[in-house]
Amino acid sequence: MIKAENLSKRYKKKLAVDNLSFTVATGRVTGFLGPNGAGKSTTMRLMLGLDNGSGTTMFDGKKLHSYAEPSKVVGILLEAKAFHPTRTAHRHLSVLAAAGGIPTTRVDEVLDIVGLSDVAKKKPGKFSLGMSQRLGIAAAILGSPKYLMLDEPANGLDPEGVAWLRKFLSDYADQGNAVFVSSHLLSEMQLMADDIVVIGKGKLIANTSIQELTSGSKQTGVFVRTGKAAAFKRALQSASIAFEELDGGLKIAGQKTDDIGQLAFKAGVPVLELANRSASLEDVFLELTEGAEEYSTHAKTEAKQ
Amino acid sequence: MIAALKAEFRKLLTVRSTYIVTVLVTLLMLFVAGYIEGWRLTPQDLQNPAQFSGDVFGALSLSVFGAIIAILLVTHEYRYNTIMYTLTSSNSRSKVLLAKIVTISVYAVFLTLLVGILSPIASNVGIHLHGHTLVPQTLHVGDLIWRSLFYGWAYGMAGLLLAVLIRVQVGAIAALFLIPGLVEQLLGQLMKSNSVYLPFSALDQVIGNSNVPQGHLAPGKAALVFCVYLVVGWIVAWALFLKRDAN
């Protein structure tokens, strides 16, 4: 388990990460979400000891740099293009292998895993973003680490690449490892992650499973559309069931479709539509981070007004 | 520590710039030693029993290229952000820094030996091809070796120090040329004879070159003066390397 406690980082007057604490469980993919400028990358750098700030991050109860060979504990991908452009992909990885005390034979294995064997002897300076991401993933898994920390690894990948990444990370976590991955692709994250850490303006907003997060959303509930709305509202009120008007119908949180259907039948109300409505991760994300954006568009500001 | 060393050597040996610079140094040295210090030697020079020592010390001006390699080794890490891998692969930033110092020391010594051995050979070949003969040479081998090796190594360390302090390629290379070429010249106007104690002025005096007309230091003392600058500089650089964010 990764346990981050009281992480803080200040850049002059700006508090980029504010007393942030969360956990990342093994055997699961944990998504790391936040609006632009929320402090996700800074948090990852703090966790890895790349930036100096306050707080601690423990990997199985130990600080990363107290391990003799840290790259066998944590594999990182913080930036896709983090390589010397004229050092071939194979040589780039062989440098990292040497630094991590990893046999050079592993380089060919990871290049094969990420599908870059054919360009192993090519200089990565002209790699596409997707190929660079694959090289970054190869670097991250070079030491077969228990923990993977990936910052926006799906950026630039084609649909096949994204599907491959999703399966790869899921399989990696299933082997008893932990994957901590940030992404702006919320729909992708919903498919990829089991748990989620959401931050805004450097502060923790949520650290829970995606299922719990979406089920607790205001958007989740039973949606009913009826021809006699007024009568149905009275029936709900008499049964002490809270509701809210939404999209020309009523949204009722914390109830089952069966119970609401029977209630409508007893009240003699014709039901035109009755459905469970689950919040998407995007709905929840927008709910949670409302007001926590560092940068928002003018259009959005106007829409709020 | 061994892993960090292996990684630094692989970094050094897997980029084109290392080979380009080494070949460039060799070609420049062969031209200067073979043509200027060999083929074109005047009759008075041919009577100089210290001509070979002069060749070696003269060719050591190419040690600045060792410093450039040191700068590239460090600044490429920040420019291409591979520093994040370097610092998360090792359990100690001090080990990483020490590995860079050892790697550049080895390269600087190699470059000095390359220049120091080939330049008198090239000079001799130039002299003979022109049909001349040099008078028998007086060589103080031990003195020649330590002063040459120290000069080459010290330049490498100076380049590495500037790179760790500045971290930006252009800035570090500019500093490498501006400090001895401009800053020390200007300070020399103020410090007069005391300017022999300025770092690069002192280093030049290790191989007998002095830009300070008012005096000079003995090679041993000059080396000691430069070492004091290196030690102080490295204490600062080490503290910053531990403390700074890796970007």
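Residue numbering restarts at 1 for every chain, and letters A, B, ... go by the order of the sequence lines.
A 6.0 Å sphere centred on CH2 of A/Trp164 holds more than 12 heavy atoms belonging to other residues, nucleotides or ligands. Summarising the local packing, NZ of A/Lys203 is surrounded by 12 or fewer heavy atoms from other residues, nucleotides or ligands at distances under 6.0 Å. Annotation: A/Asp158, atom CG; neighbour count of heavy atoms from other residues, nucleotides and ligands within 6.0 Å is above 12. In B/Tyr80, the OH atom is crowded: over 12 heavy atoms of neighbouring residues, nucleotides or ligands sit closer than 6.0 Å.
Residue B/Leu5 does not touch chain A at all, counting heavy-atom pairs closer than 4.5 Å. In this structure, chain A has no heavy atom under 4.5 Å from any part of B/Arg79. Residue B/Thr14 touches chain A through both its backbone and its side chain, counting heavy-atom pairs closer than 4.5 Å. Only the side chain of A/Lys9 has a heavy atom closer than 4.5 Å to any heavy atom of chain B.
Across A/His84, A/Lys123, A/Arg91, A/Lys72, the residue that shares the most heavy-atom pairs under 4.5 angstrom with chain B is A/His84. Contact tally against chain B (heavy-atom pairs below 4.5 Å) for A/Ala139, A/Pro85, A/Ala68: the top residue is A/Pro85. Contacts with chain A were tallied for B/His76, B/Lys6, B/Arg244; B/His76 has the most, counting heavy-atom pairs under 4.5 Å. Options B/Glu8, B/Lys243, B/Met84 differ in how many heavy-atom pairs under 4.5 Å they form with chain A, and the most are formed by B/Met84. Comparing A/Gly49, A/Gly100, A/Ser94 by how many heavy-atom pairs each has under 4.5 Å with chain B, the most go to A/Ser94.
In terms of heavy atoms, A/Ile76 sits closest to B/Tyr85 at O-CE2, 3.6 Å. The minimum heavy-atom distance between A/Ala82 and B/Thr82, with the atom names listed, is O-CG2, 3.7 Å. Between A/Pro70 and B/Ser89, the closest heavy-atom pair is CD-O, 3.3 Å.
The closest side-chain heavy-atom distance from A/Leu50 to B/Asp245 is not below 4.5 Å. Using a 4.5 Å heavy-atom threshold, the side chains of B/Arg10 and A/Thr104 count as touching.
The closest donor-acceptor contact from the side chain of A/His65 to the backbone of B/Leu87 lies under 3.5 Å. A distance-only check finds a donor-acceptor pair linking the side chain of A/Arg87 to the backbone of B/Lys11 [under 3.5 Å]. The backbone N or O of B/Ala246 lies less than 3.5 Å from a partner atom in the side chain of A/Arg45, making a donor-acceptor pair.
Atoms CG and OH, on B/Asn91 and A/Tyr67 in that order, are 12.5 Å from each other to the nearest 0.5 Å.
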**OP:** Start with the C-alpha gap between A/Met149 and B/Thr88, add the side-chain angles, then the distance that decides, and say whether side chain to side chain contact (heavy atoms under 4.5 Å, CB included) holds.
**Re:** CA-CA 12 Å; A/Met149 290 177 59; B/Thr88 51; over 6 Å; no
